[in-house]
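Heads up, the thing below is written out as structure tokens.
Just follow the structure's listing: the first ligand is 1, and inside any ligand the first atom is 1. What you are looking at is a predicted structure, and each value in this text was computed from that prediction instead of being measured.
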Amino acid sequence: MRIIPMMALLALASGPVAAASWQIGDNDGYGAGICDNCQHPFNGSTANYDGRSAAEMIATDGTQYTDTYSTTHPGFSPHGSETVATFSFTGLGNSWTVGHLEIDMADFQASIGGSVITTFNGIAQDFAYDDGFPNTFIRFYTLTGSVVDSINATGELVITIDRNSSGDFYGFDYLKLSDIAAPVPEPETYAMLLAGLGLLGFANRRRMQNPVA
Ligand SMILES: [Ca+2]
Ligand SMILES: [Ca+2]
Ligand SMILES: [Ca+2]
């Protein structure tokens, strides 16, 4: 009985989390994606797929590499002989304590095509994913302490994804960075949580006033 008001108090005391976020690319389901966490319809060897808007094509922050399939794959991607996709989050300031990254990616097959070499501010990451053709996947990363330190030192997070001679076809829809450790609940989820706690409290009050009910 006593735990419910305690939870409600904790929820009210913590309040909505004030998080800032930065996004490279648009969450439109393109790349090789089309839909989230499902299967895309492209054949890597012949699709030569380019779903970029005009703004994405002229971007220089890395957005030019999203919505293409296969990204930086010479002979197939729209990026000529480039083999490294670089995504640059800038203007991040120097007061980070935790960080969270979300990447919508498609069609990683490290065991068949060879893995890419990925770095966050020069710090190596394990991107040897085997999602299989033609699967798309949204991944979530809690940034390590050294990556957070490097953001504070430079005000940037630069992500490089090097094909490393990989023959794998893959794509990205968007990358989203935020200065929290885990995704923030959607506002409506938060409202529902608070409303649910309120109803429980109301039921408890009724029970106390009317013990036989
Ligand atoms: Ca797009
Ligand atoms: Ca693939
Ligand atoms: Ca996109």
Side-chain angles (χ1 to χ4, degrees), residues 19-92 99-120 124-141 156-178 183-184 186:
S21 66
W22 295 259
Q23 187 166 318
I24 293 175
D26 55 3
N27 183 359
D28 60 358
Y30 286 87
I34 300 299
C35 50
D36 295 336
N37 299 324
C38 67
Q39 298 191 326
H40 70 78
F42 302 115
N43 175 324
S45 60
T46 59
N48 193 24
Y49 184 77
D50 187 348
R52 296 174 299 167
S53 65
E56 288 167 326
M57 286 185 190
I58 61 169
T60 56
D61 64 349
T63 306
Q64 69 271 31
Y65 298 112
T66 59
D67 294 8
T68 62
Y69 181 67
S70 179
T71 309
T72 62
H73 194 150
F76 296 95
S77 85
H79 302 291
S81 59
E82 278 186 72
T83 56
V84 182
T86 302
F87 303 97
S88 300
F89 294 96
T90 58
L92 304 181
H100 168 256
L101 184 67
E102 174 181 333
I103 303 180
D104 190 348
M105 58 180 69
D107 208 335
F108 272 72
Q109 296 166 281
S111 65
I112 293 173
S115 61
V116 295
I117 295 177
T118 299
T119 63
F120 293 175
Q125 307 292 316
D126 181 7
F127 262 50
Y129 301 129
D130 261 313
D131 297 331
F133 173 87
N135 300 317
T136 75
F137 206 81
I138 299 179
R139 284 207 158 78
F140 301 91
Y141 306 85
E156 298 181 347
L157 176 62
V158 178
I159 297 171
T160 61
I161 298 177
D162 184 338
R163 289 202 73 83
N164 184 32
S165 302
S166 166
D168 193 12
F169 290 84
Y170 51 81
F172 302 97
D173 183 6
Y174 67 91
L175 299 85
K176 186 176 182 183
L177 172 70
S178 75
V184 182
E186 295 295 318

Open item on the list: As a test of reading the structure, name the N/O/S atom of Asp168 that is nearest the Ca ion (ligand 2).
Closed with: OD1
Open item on the list: Between Tyr129 and Phe127, is the ring centroid distance below 6.0 Å?
Closed with: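 Yes, close enough.
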Suppose we only allow N, O or S atoms; which atom of [X] ends up nearest to the Ca ion (ligand 3)?
{"X": "Asp173", "value": "OD1"}
{"X": "Asp28", "value": "OD1"}
{"X": "Asp67", "value": "OD1"}

Task: Shortest non-hydrogen contact from Pro78 toward Thr68 - done: CG-CG2, 3.7 Å
TODO: Please name the pair of heavy atoms, one in Tyr30 and one in Asp173, separated by the smallest distance, quoted to 0.1 Å.
DONE: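 So the minimum-distance heavy-atom pair works out to O-CB, 3.4 Å.
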Task: side chain to side chain contact (heavy atoms under 4.5 Å, CB included) partner of Phe133, chosen from Asp107, Asp168, Ile112 - done: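 By the side chain to side chain contact (heavy atoms under 4.5 Å, CB included) criterion, Phe133 pairs with just one of Asp107, Asp168, Ile112: Asp107.
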Task: N/O/S atom of Asp104 inside 3.0 Å of the Ca ion (ligand 3), strictly under - done: no
Task: Backbone or side-chain N/O/S of Phe169 under 3.0 Å of the Ca ion (ligand 2) - done: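 Of the N, O and S atoms in Phe169, at least one lies under 3.0 Å from the Ca ion (ligand 2), which means yes.
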- [ ] Kindly confirm whether the Ca ion (ligand 2) is within less than 3.0 Å of some N/O/S atom in Gln109?
- [x]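 Yes, within the cut-off.
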Task: side-chain hydrogen bond (donor to acceptor under 3.5 Å, both in side chains), paired with Tyr65, selected from Glu82, Arg52, His79 - done: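 Answer to the side-chain hydrogen bond (donor to acceptor under 3.5 Å, both in side chains) test with Tyr65 among Glu82, Arg52, His79: Glu82.
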- [ ] Look at the N, O or S atoms of Glu56, main chain and side chain alike, and state whether any lies under 3.0 Å from the Ca ion (ligand 1).
- [x] yes
- [ ] For the residue pair Asp104 and Asp36, establish whether any side-chain heavy-atom pair is separated by less than 4.5 Å.
- [x]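 Result yes, sub-4.5 Å side-chain heavy-atom pair found.
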